[in-house]
J.: 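The following block contains the structure, expressed as structure tokens.
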Amino acid sequence: LLDNINAQNSVLSTQNSDQWYASPGNYFAISGTGDDLGASAVAVCKIDGEWASADTTAVDINGWGTDYDNYIKIYTTSAARHVGKWDDAKYRLAVTDNYPLQVAEEYVRVEGLQLQLTQSAAGHSVINIEGQTRDAELHVSSSIIQNIASGTSSPLGISLYDADVTGYIFNNIIYDT
């Protein structure tokens, strides 16, 4: 799961409840129990609490070395999750003229996010899925995906450009304004 995170081609040893920090307050946790093949380790990004302002940094998920039971899960807790309509008091990823979420990793699950793209030129999508190098599986569920397009841009919600990916995209609200 964690190949290349240390900028080397060696596998890091992890165990359940390990936390890996990029900076204080910016980390992911490992959950699950391993077996001889390293199965069941999952990198979990739990988004929690109240949000007074949007997260405006585009996210690029790439270079992790995931597989079917060693995947990346990004989700919101009930404190940070919308209730079926856009809510500025809940977690939201709002980006201008770039992909808010770009996924090149093979096994990723996204659940309960609000994602917004504001664009006036290029035809970006809110979630862009491409670059997988082998069979892959991506889940996007219970999310609100909004593309605010103007000028010459085309409003796209989710773009899936890779034939290696099986997409499970369900229970989402996807719209443009």
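FYI, side chains are in, hydrogens and waters are out, and symmetry mates aren't considered; it's all heavy atoms of this structure.
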J.: Over all heavy atoms of both residues, which pair between E130 and Y161 is shortest? Give the atoms and the distance, please.
T.: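 Heavy atoms of E130 and Y161 come nearest at CB-CB, 3.8 Å.
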J.: Please find the pair of heavy atoms, one from D164 and one from R134, that lie closest to each other, and give the distance.
T.: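 It is CB-O, 3.2 Å.
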J.: Backbone N or O of I174 within a donor-acceptor pair of the N172 side chain at under 3.5 Å?
T.: no
J.: Do D55 and Y91 make a side-chain contact, defined as non-hydrogen atoms from C-beta onward lying under 4.5 Å apart?
T.: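 Yes - at least one pair of side-chain heavy atoms lies under 4.5 Å apart.
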J.: Under 3.5 Å, is there a donor-acceptor pair linking the side chains of W64 and N62?
T.: no
J.: Check the pair N70 / V42 against side chain to side chain contact (heavy atoms under 4.5 Å, CB included), numbers first and verdict last.
T.: CA-CA 5 Å; N70 298 303; V42 177; over 6 Å; no
J.: Checking the side chain of E106 only, and the main-chain atoms of T133 only, is there a donor and an acceptor separated by less than 3.5 Å?
T.: yes
J.: According to a 4.5 Å side-chain heavy-atom criterion applied to Ile, Leu, Val, Met, Phe, Trp and Tyr, with indirect links allowed, do L113 and I169 form part of one hydrophobic cluster?
T.: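 L113 and I169: one cluster.
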J.: Please answer whether the main-chain N or O of N147 pairs with a side-chain N or O of H124 as donor and acceptor at a distance below 3.5 Å.
T.: no
J.: Run the side chain to side chain contact (heavy atoms under 4.5 Å, CB included) check on I145 and I127 step by step: do they pass?
T.: CA-CA 8 Å; I145 298 164; I127 300 176; 3.9 Å; yes
J.: For Y71, does the six-membered ring have the charged nitrogen or CZ of R109 within the cation-pi criterion, i.e. under 6.0 angstrom from the centroid and within 45° of the normal?
T.: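 Geometry flag: set, cation within 6.0 Å and 45°.
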J.: Assess whether side chain to side chain contact (heavy atoms under 4.5 Å, CB included) is satisfied between I148 and Q119, documenting all intermediate values.
T.: CA-CA 6 Å; I148 302 170; Q119 63 178 335; over 6 Å; no
J.: Work out which heavy atom in Y107 is nearest to a heavy atom in D135; give both atom names and the distance.
T.: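 Shortest heavy-atom contact: OH-O, 3.5 Å.
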J.: Other residues, nucleotides and ligands only: do more than 12 of their heavy atoms fall within 6.0 Å of OH on Y175?
T.: yes
J.: Using every non-hydrogen atom in the two residues, find where Q114 and W86 come nearest and quote the distance to one decimal.
T.: OE1-CA, 3.1 Å
J.: Judged by atom type as modelled, is there a donor-acceptor pair below 3.5 Å linking the side chain of T56 to the main-chain atoms of A94?
T.: no
J.: Following the transitive rule for hydrophobic clusters with a side-chain heavy-atom cut-off under 4.5 Å over Ile, Leu, Val, Met, Phe, Trp and Tyr, establish whether L160 and V110 coincide in one cluster.
T.: yes
J.: Between T57 and V95, what is the shortest heavy-atom contact and its length?
T.: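 Looking at all heavy atoms of both residues, the closest pair is C-CG2, 4.3 Å.
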J.: Ignoring hydrogens, what is the shortest heavy-atom contact between W51 and R92? Give both atom names and the distance.
T.: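 Looks like O-NH1, 3.5 Å.
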J.: Determine, using the 4.5 Å side-chain heavy-atom cutoff (strictly less than), whether V140 and L156 are members of one ILVMFWY cluster.
T.: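 Unlinked, V140 and L156 end up in two clusters.
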J.: Under the side-chain contact (heavy atoms from CB on, under 4.5 Å) test, which residues partner V59, sequence neighbours left out?
T.: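 Here the qualifying residues are I61, L93, L101.
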J.: Set out, in order, the CA-CA distance, both residues' side-chain angles and the distance that settles side chain to side chain contact (heavy atoms under 4.5 Å, CB included) for I158 and I129, then state yes or no.
T.: CA-CA 8 Å; I158 300 173; I129 304 160; 3.8 Å; yes
J.: Check whether the side chains of S141 and N171 place a donor and an acceptor atom closer than 3.5 Å, and report yes or no.
T.: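 No - no donor-acceptor pair under 3.5 Å links their side chains.
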J.: Quick check: does any side chain N or O of K90 sit under 3.5 Å from a backbone N or O of A79, one acting as donor and the other as acceptor?
T.: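 Side chain of K90 to backbone of A79: a pair is present.
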J.: In terms of hydrophobic clusters joined by side-chain contacts under 4.5 Å, are V165 and V103 together?
T.: yes
J.: Among side-chain atoms of N128 and S159, is any donor-acceptor pair under 3.5 angstrom?
T.: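 Distance-only check fails for N128 and S159.
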J.: Judged by modelled atom types alone, do T66 and E105 share a side-chain donor-acceptor pair under 3.5 Å?
T.: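 There is such a pair (donor and acceptor under 3.5 Å, judged by atom type) between the side chains of T66 and E105.
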J.: Quick one: are L115 and L117 in side-chain contact, heavy atoms under 4.5 Å?
T.: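 A side-chain contact under 4.5 Å is absent here.
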J.: Please check: side-chain N/O of D97 versus main-chain N/O of S120, any donor-acceptor pairing under 3.5 Å?
T.: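 Checked: pair present.
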J.: So do the side chains of E137 and Y68 get within less than 4.5 Å of each other, counting heavy atoms only?
T.: yes
J.: E111 versus R81: any side-chain heavy-atom pair under 4.5 Å?
T.: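 Yes, their side chains come closer than 4.5 Å.
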J.: Can you see whether Q146 engages Q116 through a side-chain donor-acceptor pair at a distance of less than 3.5 angstrom?
T.: yes
